[in-house]
Undergrad: 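Here it is, the structure in full.
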Amino acid sequence: MNQLPADFDAAVWKLLKKIPEGKVTTYKQLAIALGKPNAFRAVGNACNRNPDAPFVPCHRVVKSTGELGGYAKGLKKKIALLKREGVKIKNNKVLNFMERLFEFR
DNA sequence: AGTAAGGCGGGCA
DNA sequence: GTGCCCGCCTTAC
């Protein structure tokens, strides 16, 4: 059975909430976790439609290349939050990205 | 390095 | 109700 579109967003937020503090994930990884390895864009959309930043740690989600990507509330804010959690950011990129990368499994 | 094309979901005309 | 474009992307050329 197909879940309702709204459920898709909720599913993304749910996964985001699973991300431990000080760690980051990628949109691709989220898409795969949702069962759609090519839905990375839809996942990004869900994050963008996210109710509010602190409720859903969409700021812990970055691009597959390690770039921060974007942020609805402001990329600068995203960087600040990540750095605050222990994730060092440099020139819009996550330091030790691979080590900070959290996989849902 | 930059550019172009791609597949997923939502919103608007 | 249908169609088109866009978006916090990814990958390949």
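Side chains included, hydrogens not; waters and symmetry mates left out as well; all remaining heavy atoms used. Convention: sequence-line order gives letters A, B, ...; per-chain numbering from 1.
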Undergrad: In the structure I gave you, are the side-chain heavy atoms of V12(A) and V56(A) within less than 4.5 Å of one another anywhere?
TA: no
Undergrad: Using whole Å, report how far CD1 of I32(A) lies from P of dC8(B).
TA: 13 Å
Undergrad: Using whole Å, what does the distance between atom P of nucleotide dC9(C) and atom CD of Q29(A) come to?
TA: 16 Å
Undergrad: For I19(A), is there any backbone N or O sitting under 3.5 Å from a side-chain donor or acceptor partner on R60(A)?
TA: yes
Undergrad: Determine the contact category for N48(A): base if any of its heavy atoms lies under 4.0 Å from a base atom, sugar-phosphate if only primed atoms, P, OP1 or OP2 are that close, otherwise nothing.
TA: base
Undergrad: Is the closest side-chain heavy-atom distance between N50(A) and L16(A) below 4.5 Å?
TA: no
Undergrad: Would you write the dot-bracket representation of DNA chain C, where each base gets (, ), [, ], | or . depending on whether it forms a Watson-Crick or G-U pair under 3.5 Å and with which partner?
TA: .||||||.|||||
Undergrad: Rounded to whole angstroms, how far apart are CG on N38(A) and P on dA12(C)?
TA: 11 Å
Undergrad: Is there a path of hydrophobic side-chain contacts, each under 4.5 Å between heavy atoms, that joins L101(A) and I32(A)?
TA: no
Undergrad: Can you check the N45(A) CG to dG11(B) C1' distance for me, whole Å?
TA: 10 Å
Undergrad: What's the shortest heavy-atom distance between T26(A) and V61(A), and which atoms?
TA: C-CG1, 4.0 Å
Undergrad: In sequence, state the C-alpha distance, the side-chain angles, and the governing distance for F40(A) and N38(A), and then conclude on side chain to side chain contact (heavy atoms under 4.5 Å, CB included).
TA: CA-CA 5 Å; F40(A) 30 69; N38(A) 251 38; 3.6 Å; yes
Undergrad: Below 4.0 angstrom, which residues in residues 66-83 of chain A have at least one non-hydrogen atom near DNA chain C?
TA: G69(A), G70(A), Y71(A), A72(A)
Undergrad: Can you check the F8(A) CZ to dG10(B) P distance for me, whole Å?
TA: 7 Å
Undergrad: Which sits closer to the 5' end of DNA chain C, V62(A) or A42(A), going by the nucleotide each is nearest to?
TA: A42(A)
Undergrad: Send over the distance from W13(A) CH2 to dG9(B) P, rounded to a whole Å.
TA: 15 Å
Undergrad: Measure across G69(A) and L75(A) and return the closest heavy-atom pair with its distance rounded to 0.1 Å.
TA: O-CD2, 3.6 Å
Undergrad: Which pairs count as ring-ring contact (aromatic ring centres under 6.0 Å, His included) when at least one residue sits in residues 61-103 of chain A, sequence neighbours excluded?
TA: F102(A)-F104(A)
Undergrad: Which nucleotide wins on minimum distance to the side chain of K28(A), given the candidates dC9(C), dT11(C), dG7(C)?
TA: dT11(C)
Undergrad: Name the closest nucleotide to the K36(A) side chain, picking from dT10(C), dG7(C), dC8(B).
TA: dC8(B)
Undergrad: Kindly give the heavy-atom pair with the smallest separation between G86(A) and R100(A), and that separation in Å.
TA: O-NH1, 2.5 Å
Undergrad: Rounding to a whole Å, what distance do you find between F40(A):CZ and dG6(B):C1'?
TA: 7 Å
Undergrad: Of the listed nucleotides (dT11(C), dC8(B), dG10(B)), which one gets closest to any side-chain atom of R49(A)?
TA: dG10(B)
Undergrad: Among dC8(B), dG7(C), dC9(C), which nucleotide sits nearest the side chain of A39(A)?
TA: dC8(B)
